[in-house]
Every structure is written in C-alpha cells, then in structure tokens.
There are 2 protein chains.
Amino acid sequence: MAIRPAEQLIHKAAWLYYAHGLRQDEVASQLNISRASVAMYLRKARETGIVNISTSTQLFTDDVMARKVEDAFGLDAVWIAPENAYLADPSTDIAVLAASVFLELVKKGDRIGVAWGRTVYTIADIMSFADLQDVTVVQLCGNLGAPYSYRPDQCTMEIARRLNAKGLNFYAPLVLSTEELAKSLRAEPVIRDQLAGIANCDLALYSVGAVDADSHLVKCGALSPAEMEGLRSQGAAGVIAGQIIDAGGEVLDCSYNRRVISAELASLRAIEKRLMVVQEDTKFEPLLSAIAGGLCTHLVIGAHMAGRLLQYAEAATKKAS
Amino acid sequence: MAIRPAEQLIHKAAWLYYAHGLRQDEVASQLNISRASVAMYLRKARETGIVNISTSTQLFTDDVMARKVEDAFGLDAVWIAPENAYLADPSTDIAVLAASVFLELVKKGDRIGVAWGRTVYTIADIMSFADLQDVTVVQLCGNLGAPYSYRPDQCTMEIARRLNAKGLNFYAPLVLSTEELAKSLRAEPVIRDQLAGIANCDLALYSVGAVDADSHLVKCGALSPAEMEGLRSQGAAGVIAGQIIDAGGEVLDCSYNRRVISAELASLRAIEKRLMVVQEDTKFEPLLSAIAGGLCTHLVIGAHMAGRLLQYAEAATKKAS
DNA sequence: CACGGCTCTCGACAAAAGTCAAACTTGGTT
DNA sequence: AACCAAGTTTGACTTTTGTCGAGAGCCGTG
C-alpha cells in the first residue's frame, strides 16, 4: 500500500462506521481486515479527533441560576455544573464541562491563549481530541519549574496536542530576581513578539489563583508564604496568569509583579472570549476580582460558587438601593 | 423551547455517558433508572442532536484530485467521493459526504438557503441531527406540486428539522402561467421580503439539474418534454433552483424563466459559501455551466465526475496555449 | 370507576463492541 | 544474513450495548 496506509485506513474505517452507519464486521469485510482491527482503528480515530463526539452544553447554560449570574455580573455566558447531583467528585464535573465548553467555543483558524494551573491542566487532561485546522495555542505567561505536571508550557502543549494545533511556548521564566532583568527580557524580540501576539487571540482559557500559602506561586517557590501574606495585606486579591491582581482586577503595584514575564491585562481584555474556569470554592474573592477587572466574559463554575455569587450580587444591590 | 423533564433526563444521561465516559450501567445507577432506559435515552440524544458525532471530511479534500479541481476551476474547496471503492451505491456515498460537509460548514446563527431536487432531499434524509441555535433555513425558490417527496418546501423543512432550526418556506408556486402574474406575485411583500432575504444567507445548498426529459421540471409538469427540447436548442444548459441557465451560467432569456418565482442568481452569488452537490454523471454540462456562472464555491462530486472535469480543464488549457 | 389507548420502564436475551496475548510484519542494526 | 524492537493484525474470549415484548403508570372518556 501507499505511504501511510494506517492513517488512510483509520479514516476509511471511521467514515464507513460513523458516517455510513455500518457495523464493525461490515466495515471489516469492506476493508478486508479483521473486526478487531476495525475496533482498534475506531479507537484511534476517536483519539486523534478524526471523529468528534460532542455533547451539547445547553443544559448548563439554560439553567435559571446561570442566567441570573450572567445578568448580575454582565457576563456573556455562564455554565453551572450541578454539584454532587451527578458524580462523586464535583471538581471533575466542572473540568469536564469546561472542556466541552472550550471545544464548543474554539473555531477553525483561532488563536488561543492558555494560562496554567491545576484547573487548566485538569481540563487539558480530560479534554477529548479534535482535528482543528490552523489553530495556534499560545502560552500566556513565562515558565515556572514546578514539581507538578501543570507547568505553563505543559498546559499549552497538552492542549495544542489535543486540538492537533500548533503550540507556541514562552521561553522565559515566569518571575526573575530583579526588575531590571525582567525589563530587559521583555524587550527581547522573541519575548516581545510573543507578548504582543497575545492581544490577537480569539479565545483565552484560564483560572484564577488564590492569594494564600497554598497558591502555586508559593508551592513552586516563586514567593515565600510570608511574602504572599505581605502582598495580601497590600491588597492582593487573586492571581491571573502568574500576576497578582487587586480587588478591582488591576495589576497590584508591587515588586513581584514588576519582575514577572506575563501577558498584560490589557492584552487579555482585548481577547474577545475570555473563558474562566473556577473549581475551588475558596476562590470566591479572587473570582470576584477577576470579574471586576473585566478578565472574564465566559464563566464555568460549580453550583455552590454560583449561589455565593448571586448572594453577593443581591446584597450589593440591596445596599445600593 | 422549554425543557421538559424527559429532556432533562436525556441530557443528563448523554452527559454522563459521552462527556464523562461512564458505562451505561453506571449511568443507570446514577440516575436510578434501568440500563435499558439509558440506552433508549442515548439513542434519543443522538437523534435530537444533543450529542453530535461527526467525522472529519479531511480525507476527501486532501485528495490530490480534489486539489487539482480546486485549482483548475478556482473553487474554494472540493470534496471527492471515491467511487465504487467503498459501497455498492456510489450516489449514497456522495450524499453522505455532502451531508457531513454541509454540517461542517454550518455555524451557529447562520442563515442557509436550500434549493430542491432528489439530490438535496437525499442529503436531508441521511443527514444526522444537530442542535444548532439560531439557524434559519430558507427556501430558495417557489413550490412545485411534485408527486415525489422532494418538493422544495419539504427539502427546506426536513433540513430545518434536522438542524433544530427555523424553516422559512416560500408560499408561492415555482412557475406561473403568465409573466404578468409572476411579476405581480414577486412584488407581493411576503414574497419580496423572502427573495430579498436570500442574499443575506451565509450558506447555500443546491444541486444542478439537467436539461432533458428526465428533469424534475418535466416530471412535475412545469415544462413539457417538447418545451424542454426547445429551450435546449435556445441554449439551455442546466437548471438552478428552478431556473434555466445557459452555458455561461446566466439566466436564459425565455418566457419560462420570466414566469418563475425563485432566487435571482445575483442573490445566490452574494452568498459566501455556495455548496453544490452533483450525484449523477450525466450532469457534466450543467455543472460546467454552474461553475462558469460562479454559482458554486464548494463542490461535492464523485471520482468519475472529477476525472471528467479535469480532463475538460486540461483540454481547455492545451487549446489556449 | 372501569376501559381502552397512550407512553414510559424494565428484564431477559441477542447482537455488537472491546480486549488481550500470541503470531506476524516491517525496518533498521549488528 | 541474522536478529531485534516496534508496531500491526488476528482469533478467541469477555464485557457492554441494543432490542423487544411484557407490564406498569397515567389520563381522558363513556
């Protein structure tokens, strides 16, 4: 047979099975191979995104609560994962939902900005494969040598791999020891171009971090617990793409932020669809800050978090009136 | 579209099964129903487009021949169904491919123009269900009381049903007995609006008809075999949305055309993506005319037809040089 | 309130799909 | 040429899924 018999065969088998609706044994006899091979080809077809199986996420936006959150915070779309109604682990449910929503939002030819964190990596990990043409996945912030598998570059590459897209990594550390060095590095053509390209993204995927000792920034050694505490008293409210933001969703004026190589918030806000996913209930204040700062247009959260947001919004309206 | 309790269950089952990857018995115990019910719900979910299973049509555009046809005729994209390599009935293969391509081209919020004919109805009939929001399917030409099931309004409605979209029918006959009456009818607000709306479509789906006694126009009594023959000698080369076109793909100047209520070719050309599907090998000349008239940007054909097109293109280039 | 007609649900069986170790290619290396 | 490693392919077996008729609930009607 020709150059790549495997890929051709996978495609043909998938076509006959999924598009024409033949049974596996019928496909097998058509292609003169055993049914076992057909089964294997079909698995590969699903794994490589030659066939796409997607379920509508309508149910989760049609929710009354989701509508209320949209209205209360002026968001474009909100998806709410019903907590403990379905599965043992609610955070998995949020990630599965987020992955589906993400795939629904991506279009051919898109440029996608991806941040990092446990949430983002979990999403990447459970996301099904797709065969999107001309998609580029860009890393939103510098790297951090984390002892975990959710380093910024890994998040980017894994998502790129799943989408069959091109991954554009950031070859710089997230945080440097002096402001001087950070400034010089940001001026480097390679880095400058990458930073400039972020505003051209069509879609961003990120979560928001909490300002506490459990933060990845602390765990990965970018900040000490004491420093974190200090930033907190200076008004730090959350972490976005490795940067500390205040309660209004603006970059906090501090030495740490000046030493960071990451996407400017203005660039992030220039991205049309900003998909934020929050799994942990403890991230309530960080999420509020991110929303206040206009860093999120599309939101995926759990039912409990949604309840807290609505409660907060109601209280705010009452106070105002 | 209020979600009924049954729909909720279908959605939940589909979500657990397809998104979370649980087995049917696991889903059953989660939802406290029998596995048999789960299986039934899942079938319904597939039938209503709550879950989408689509296979990439890449293979058919990646083909060398498809590329050549694209280049030779200046088309945006060409898909070629390999003939007799796969199944007994090659025309089914073309229709299955066309349906997949069509679903790949449709986007949320699109407005889609649909003509009529056996080809179009076959495509509608085998097309899988989808849950596209805010899609409108508009009928491109007036109606014809055909003794078959592929009347213009049926084609439109069936496709609308499959996509879960709104169907906009044409409440006028395709052809009238006098030019006067056709003119008055075209001026009617209802009709005028519909005709005007055609140019706003994002995607059109049609085939091209042959100018012979087998044509639907003859079979449905719009024209007699003798009239058809007469038109042929006047330069008729094909039929598009009920109108007769000449070899250059322009409307033929004849009484029949002046009595027809259908989309103006200029409106059709204003549609960004014009997907033409041709099953029969005998429609070679009609297809050439349609291409010449710029009525087709995306094309789905069989391998044999592709061969003839290339042969023709080569001959034309040789003659020119 | 009993009766058909209706849809929804379930259990049991049949059909189809998934899996795995072993046999077999294939392409490169000693 | 012989050998090895990586990757396919297969038959036999197990698990999962599809289907169908029976039964259960539900409602409007005579």
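These figures come from a predicted structure and were not determined experimentally. These numbers come from the heavy atoms of this one structure, side chains and all, not from hydrogens, waters or symmetry mates. Protein chains get the first letters and strands the later ones, always in sequence-line order, with residue 1 at the start of each.
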message: Does the protein touch nucleotides 10-25 of chain C at the base, only the backbone, or not at all? Give it as B, S and - per nucleotide, heavy atoms under 4.0 Å.
response: BB----SBBB------
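- In this structure, A:Leu9 places its CG atom 15 Å from C1' of D:dG7, rounding to the nearest Å.
- Under the rule for a side chain to side chain donor-acceptor pair (under 3.5 Å), the partners of B:Asp153 that lie at least two apart in sequence or sit in another chain are B:Arg151.
- Partners of A:Asp76 by salt bridge (charged side-chain N to carboxylate O under 4.0 Å, His left out), not counting sequence neighbours: none found.
- Shown here are the salt bridge (charged side-chain N to carboxylate O under 4.0 Å, His left out) partners of B:Glu314, two or more places apart in sequence or in another chain: there are none.
- Residues passing the salt bridge (charged side-chain N to carboxylate O under 4.0 Å, His left out) test with B:Asp71: none are found, sequence neighbours excluded.
- For C:dC8, neither phosphate oxygen OP1 nor OP2 lies less than 4.0 angstrom from any side-chain nitrogen or oxygen of B:Tyr41.
- Every residue two or more places apart in sequence or in another chain was checked for a salt bridge (charged side-chain N to carboxylate O under 4.0 Å, His left out) with B:Glu26, and none qualifies.
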